[in-house]
Amino acid sequence: MAIIHHTTLKPTKLELLTDWLPTRPWYRGGPDAPVLTKSGGFRLDDPAGEVGIEFMVATDTSTPEPTAYLVPLTYRGAPLAGAEHALVGTLEHGVLGRRWAYDGCHDPVLAAELLKLIDGRAQAQAQSIDNTPDHEVALSYAGAPFTLDGFTPAPADDEHGTRLPAPHGTVLQVHRVLTPVPEHPPLPPEGALGHVARGWQAPGGTRLSALFVTVRTA
C-alpha cells in the first residue's frame with residue numbers, strides 16, 4: 001500500500017495546477033488565473049510502489065459559478081521517458097525530494113491501474129489516509145477483464161475532456177469538468193459498458209456526485 005507523507009510541497013499541487021489548467025482545451029475559466037481549492041478525490045496503488053497515483057478534484061472559484069475539474073496525476077522520482085508533453089511540473093517533497101508530476105492519463109502506470117479498478121482487480125484508496133479503502137467510489141463494468149499486455153496509453157484531449165483508447169475496442173471518457181447529477185451514486189449513461197463515479201465537496205460544504213470516467217465501445 002502507498003504511504004502518504006503529510007509534509008511540505010514546494011510548489012504545492014494547486015500552485016502547479018494554477019499554471020497548467022488554463023493550457024488545457026477543456027478548461028472553462030476566463031482570462032484570469034484560476035483560484036483553486038482541493039475538493040476531494042481518491043488514490044490508486046502502484047503495485048511496484050514507485051509511482052504515486054491520485055485522482056484529484058480541484059475547484060476553480062474565480063468565476064461566478066465554480067467549476068470542478070478532475071485531474072488524474074502521477075508523481076515520480078525521475079522523469080518519465082517520452083512524456084515531456086504530459087509534465088505538469090516538478091515539486092520538492094519534504095520527505096521524498098524532487099518529484100515529477102504528470103497528467104496521469106499519459107502515464108502507463110495510472111492507465112493500467114485505472115483499467116484494473118474498472119474491472120474489479122484494484123481497490124480505490126482514500127486520498128489522505130494510509131491503507132484505507134475508499135468505499136465512496138462507485139463502479140460498474142459489463143465487459144471482460146482488460147488485457148494489459150502491450151497496452152500503451154494514447155489519450156486525446158478536446159473541449160469535452162480526455163478520450164483514452166483502451167483494450168477490447170473500448171474507450172475511456174475521462175470527464176475533466178465534473179457535472180453534478182441527482183442520483184447518488186450516479187447511474188451509468190445509457191449504452192455505457194461501465195463507469196467510475198464519486199462525490200466531492202463544493203464550496204460552502206455541499207456534497208455533490210458526478211461521473212468521473214465512462215467506458216464505451218470505440
Side-chain angles (χ1 to χ4, degrees), residues 9 11-43 53-75 83-89 91 101-107 110-111 114 118 124 127 136-138 153-166 171-192 194-216:
L9 294 172
T12 68
K13 298 172 187 178
L14 292 179
E15 287 171 340
L16 286 183
L17 294 178
T18 297
D19 292 332
W20 181 79
L21 276 176
T23 69
R24 303 298 95 192
W26 35 263
Y27 177 65
R28 303 290 175 84
D32 296 330
V35 178
L36 300 176
T37 60
K38 187 175 179 180
S39 301
F42 63 94
R43 288 180 176 265
I53 304 172
E54 180 177 18
F55 287 76
M56 181 192 296
V57 179
T59 300
D60 177 16
T61 62
S62 68
T63 55
E65 290 295 328
T67 302
Y69 296 98
L70 176 63
V71 187
L73 294 167
T74 56
Y75 310 102
E84 295 81 3
H85 62 288
L87 182 67
V88 176
L91 46 83
Y102 288 94
D103 178 356
C105 290
H106 295 260
D107 193 312
L110 181 144
L114 175 58
I118 291 169
Q127 192 173 28
E136 287 194 41
V137 176
D157 285 332
D158 60 25
E159 66 272 19
H160 303 295
T162 302
R163 287 174 56 86
L164 180 61
V171 63
L172 309 186
Q173 179 68 45
V174 182
H175 302 285
R176 298 294 202 146
V177 179
L178 298 180
T179 303
V181 295
E183 303 91 356
H184 181 74
L187 299 175
E190 184 176 354
H195 77 294
V196 179
R198 198 191 186 282
W200 80 94
Q201 186 168 307
T206 303
R207 192 72 177 171
L208 303 172
S209 295
L211 295 167
F212 282 25
V213 180
T214 303
V215 187
R216 296 186 179 275

Q: Starting from the C-alpha separation in whole Å, work towards a yes-or-no answer on side-chain hydrogen bond (donor to acceptor under 3.5 Å, both in side chains) for S209 and H184.
A: CA-CA 6 Å; S209 295; H184 181 74; 2.6 Å; yes
Q: Would the distance check show the side chain of R43 and the main-chain N or O of Q127 forming a donor-acceptor pair, the cut-off being under 3.5 Å?
A: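 Here the side-chain-to-backbone pair exists.
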Q: Which atom names give the shortest non-hydrogen contact between G89 and L16, and what distance separates them?
A: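 It is CA-CD2, 4.0 Å.
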Q: Show your reasoning for whether side-chain contact (heavy atoms from CB on, under 4.5 Å) applies to F55 and V196.
A: CA-CA 11 Å; F55 287 76; V196 179; over 6 Å; no
Q: Would you compute the distance between atom CG of D103 and atom CG of L87 and round it to the nearest 0.5 angstrom?
A: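 Going from the CG atom of D103 to the CG atom of L87 covers 10.0 Å.
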Q: Any idea which heavy atoms bring A124 and V137 closest together, and the distance?
A: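 In terms of heavy atoms, the two residues are closest at CB-CG2, 3.7 Å.
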Q: Over 60° means perpendicular and under 30° means parallel, so classify the ring planes of F212 and F42, tilted if in between.
A: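 Ring orientation, 0 to 90° scale: parallel.
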Q: Which heavy atom in L211 sits nearest to a heavy atom in P186, and how many Å separate them?
A: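 Taking L211 first and P186 second, the nearest heavy atoms are CD2-CB, 4.0 Å.
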Q: Please tell me if the side chains of L172 and I118 come closer than 4.5 Å, counting only heavy atoms from C-beta onward.
A: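 Of all side-chain heavy-atom pairs linking I118 with L172, at least one is under 4.5 Å.
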Q: Tell me if a side-chain donor or acceptor on H106 pairs with a main-chain N or O of H85 at a distance below 3.5 Å.
A: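 Side chain of H106 to backbone of H85: no pair is present.
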Q: Over all heavy atoms of both residues, which pair between A197 and H195 is shortest? Give the atoms and the distance, please.
A: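 For A197 and H195, the tightest heavy-atom pair comes out as CB-CD2, 3.8 Å.
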Q: If you measure only the distance, is there a donor-acceptor pair under 3.5 Å linking the side chains of S62 and D32?
A: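 On atom types as modelled, these side chains do not qualify, holding no pair under 3.5 Å.
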Q: Supply the atom-to-atom distance L70 CG to S39 OG, rounded to the nearest 0.5 angstrom.
A: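 L70 CG to S39 OG: 11.5 Å, rounded to 0.5 Å.
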Q: For the atom pair CG (D107) and CG (L114), what is the distance rounded to the nearest 0.5 Å?
A: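 The CG atom of L114 is 12.0 Å from CG of D107, to the nearest 0.5 Å.
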Q: Using a strict cut-off of less than 4.0 Å between a Lys/Arg side-chain nitrogen and an Asp/Glu carboxylate oxygen, indicate whether R207 and E136 qualify as a salt bridge.
A: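 Salt bridge: yes.
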Q: Rounded to the nearest 0.5 Å, how far apart are OG1 of T59 and CG of L14?
A: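 The CG atom of L14 is 9.5 Å from OG1 of T59, to the nearest 0.5 Å.
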Q: Supply the atom-to-atom distance L73 CG to M56 CE, rounded to the nearest 0.5 angstrom.
A: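 The CG atom of L73 sits 5.5 Å away from the CE atom of M56.
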Q: Between R24 and D158, does any side-chain N to carboxylate O distance fall below 4.0 Å?
A: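 Answer for the salt bridge query: no.
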Q: So how far is it from C105 SG to D157 CG, rounded to the nearest 0.5 Å?
A: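 Reported to 0.5 Å precision, the distance equals 7.0 Å.
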Q: Let's go through E54 and K38 carefully: what are the C-alpha distance in whole Å and the side-chain angles of both, what is the deciding distance for salt bridge (charged side-chain N to carboxylate O under 4.0 Å, His left out) to 0.1 Å, and is it a yes or a no?
A: CA-CA 12 Å; E54 180 177 18; K38 187 175 179 180; 3.4 Å; yes
Q: May I ask you to decide if A202's main-chain N or O and T206's side chain share a donor-acceptor pair within less than 3.5 Å?
A: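 Judged by distance alone, no pair lies under 3.5 Å.
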Q: So with a 6.0 Å cut-off around CD of E65, is the heavy-atom count from everything else above 12?
A: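 Counting other residues, nucleotides and ligands, CD of E65 stays at 12 neighbours or fewer.
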Q: For Q173, which residues count as a side chain to side chain donor-acceptor pair (under 3.5 Å) partner, sequence neighbours excluded?
A: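 Result, side chain to side chain donor-acceptor pair (under 3.5 Å) vs Q173: none returned.
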Q: Are side-chain heavy atoms of D60 and Y27 found at a separation under 4.5 Å?
A: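 Yes, side chains in contact.
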Q: I'd like to know if the side chain of Q201 and the backbone of G40 have a donor-acceptor N/O pair within less than 3.5 Å.
A: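 Here the side-chain-to-backbone pair does not exist.
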Q: Of all the heavy-atom pairs spanning P72 and L110, show the shortest one and how long it is.
A: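 For P72 versus L110, the nearest heavy atoms are CB-CD1, 3.9 Å.
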Q: Give the minimum heavy-atom separation between Y69 and G29, together with the two atoms involved.
A: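 Scanning both residues, the minimum pair turns out to be OH-N, 3.6 Å.
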Q: Can you list everything that forms a side chain to side chain donor-acceptor pair (under 3.5 Å) with R28? Sequence neighbours excluded, please.
A: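 None.
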Q: Can you confirm whether L21 sits close enough to W26 that some side-chain heavy atom of one is under 4.5 Å from a side-chain heavy atom of the other?
A: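 Yes, their side chains come closer than 4.5 Å.
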